[in-house]
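Worksheet for the structure shown next.
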Amino acid sequence: MPERSHELVAIVDFGAQYGHLIARRVRELGVYCEIFPAEKALLALADRHPQAVILTGGPSSVYAAQAPTLPQRFLEQWDVPVLGICYGMQLMAYLLGGKVERAQRREYGHSQVDITAPSPLWKDVPPTWACWMSHGDVVLRPPKGFTVLAATENAPVAAMGHAEKRWFGVQFHPEVKHTEGGQTILANFLFNIAGLKGDWTTESFVEEQVERIRWQVGEGRAICGLSGGVDSVVAARLVHRAIGDRLQCIFVDHGLLREGESEQVMLSCREQLGLKVERIEAQDEFIDALAGVTDPEEKRRRIGEKFIRIFERQGRCHEDAAFLVQGTIYPDVIESGTENAAVIKTHHNVGGLPADMNFELVEPLRDLFKDEVRRVGLELGLAPEMVDRHPFPGPGLAVRVMGEVTPEKLAILRRADAIFIDEIRRAGLYHEIWQAFAALPSFRSVGVMGDQRTYAYPIVLRAVCSDDAMTADWYRFTPDMLARISTRIVNEVEEVNRVVYDITTKPPSTIEWE
Ligand code: XMP
């Protein structure tokens, strides 16, 4: 593997709800970081030599039987600056001989923190500020050699530090926007305490990935499953920069695309991007594979498998390409389940891959969030219209036609979706909205049109604002705009007699309906 050309912070994950947020905040400060599950932390540290470590929060109590932990003397072994957050701080205190107990009262939400001792962690931080707390255990006494740096009403040790060893802990969550000055505190740890420079930019990411891809693929050949979405286009572009025409892109038209999409993708990828792209007409194959399937996870699994079988077939036609490039991004990986995070959806390109697949994967974007991928796309010279396209899931309309997928239902959905997006574009809102689409439920409802009873499908509209798809809020259209869209859909799509607008956030919902 080529030498790493930039700093690395290891985020050791104990199953934190906000783990990905820590990663985002650190990267926003220009420092590259990766998340390692607690069980793999020791290996990762020995292998990757990070310049600093952040221990995340987690749902456990340090006293719980199955609580994720680290070896007693891990801090000495690592010999790098460490910041423990919430559970991370409790674990540090517990393993180093401090006193940790169940709090009298759980502290959840806003609290006031008071600084009790000076520290480089507090540079440019006011003496008192509001923070976000979410914990059951509390550190009552820090371990030997540590100073109490801050307190709240319910947490006598809201922050602690061992200045000489550069080990710090905070009970509150600096990564959450509700913690005032949280970003300053993280910056203080990274720059003042750990002495990092912040050398991670999209430019350095591109250079490093190009080198890594050259190292991985060598003189080999790769194929890339291109969907036309930003992730796969950026991945293809990166790999193309690394290995040139030894990359063959394959665009599978699975018949689960939106109106006019197949032609658009072929045109833009060939003409604007200069990639070698071959289109595979596989509509019947996918419809057959989905016949009778109603379970969303099973749909994703079958689609994932079909994609791979087609790529294997095509790979053999391209001088036995041994590598498959995928535009997998970080949220696909977490939602498909990691050791500490539950499965939300088995993204077709992660958990949906068959076990006996004949490819080695090349996934240069696997550690990035969508907004970071977009910045890399711009760095690679992609046009803003291409980079800012709304995300579209790999399994396409199959996860937007709820229940069994049929050509008739796909046709209804395509039409309704096209009207919705057309109205959004006309109103100049396309780039204000992060993702918008229509979905088709599997049931029908009664309506009345032209004095006649109808029994037809409803259409669900969903439009959300988000930064990274991990959380989302529904978009506030004006009532007039919603009325216009609804009228157009029921008038122009014969099989639809009702339109509903989804006003749930993620969580508790997800963005897609399946
Ligand atoms: P959810 O529905 O999980 O979606 O909130 C988050 C983002 O991921 C997209 N998505 C997928 N993308 N394969 C993909 O390539 C999938 O199986 C898949 N499921 C959801 C979704 O459109 C949203 O942008």
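First listed ligand is number 1; within each ligand, the first listed atom is number 1. Computed from a predicted structure; not experimentally measured.
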| query | For residues S445 and R498, is any side-chain donor paired with an opposing acceptor at under 3.5 Å? | reply |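 Their side chains do contain a donor-acceptor pair, which is all the 3.5 Å distance test asks for.
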
| Does a donor on one side chain and an acceptor on the other come within less than 3.5 Å for Q314 and Q248? | no

Heavy-atom contacts with [X] under 4.0 Å: which atoms of ligand 1 show up? List them by number with element.
X	value
G394	12 (N), 13 (N), 14 (C), 15 (O)
P395	13 (N), 16 (C), 17 (O)
W434	24 (O)
T510	1 (P), 2 (O), 5 (O)

| From I310 CD1 over to E305 CD, what is the distance, rounded to the nearest 0.5 angstrom? | 11.0 Å

| Considering distance alone, does some N or O of D332 sit under 3.5 Å from an N or O of ligand 1? |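 No, D332 has no N/O under 3.5 Å of an N/O on ligand 1.
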
| task | Using distance alone, determine whether I511 and ligand 1 share an N or O pair under 3.5 Å. | result |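 Yes, since at least one N or O of I511 sits under 3.5 Å from an N or O of ligand 1.
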
| Mode of P391 contact toward ligand 1 - side chain, backbone, both, neither (heavy atoms, under 4.0 Å) | side chain

| request: Could you tell me whether F437 approaches ligand 1 through its side chain, its backbone, both or neither, with non-hydrogen atoms closer than 4.0 Å? | output: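 It is neither part, as no heavy atom is under 4.0 Å.
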
| message | Among residues at least two apart in sequence or on other chains, which ones pass side-chain contact (heavy atoms from CB on, under 4.5 Å) with I511? | response |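 With neighbours one apart ignored, the set is W434, Q435, F437, V464, A469, A472, K506.
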
| Single hit among R246, K276, R221, E278 for side chain to side chain donor-acceptor pair (under 3.5 Å) with H318 |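 In the set R246, K276, R221, E278, the residue that makes a side chain to side chain donor-acceptor pair (under 3.5 Å) with H318 is E278.
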
| message | Can you pull out every side-chain hydrogen bond (donor to acceptor under 3.5 Å, both in side chains) where at least one residue sits in residues 388-397? Sequence neighbours excluded, please. | response |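 Listed once each, the pairs are E261-R389.
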
| Within a strict 4.5 Å, meaning less than it, do heavy atoms of the I213 and F323 side chains meet? | no

| remark: Restricting to heavy atoms, the pick from E512, H390, K506, R300 nearest atom 19 (N) of ligand 1 would be R300

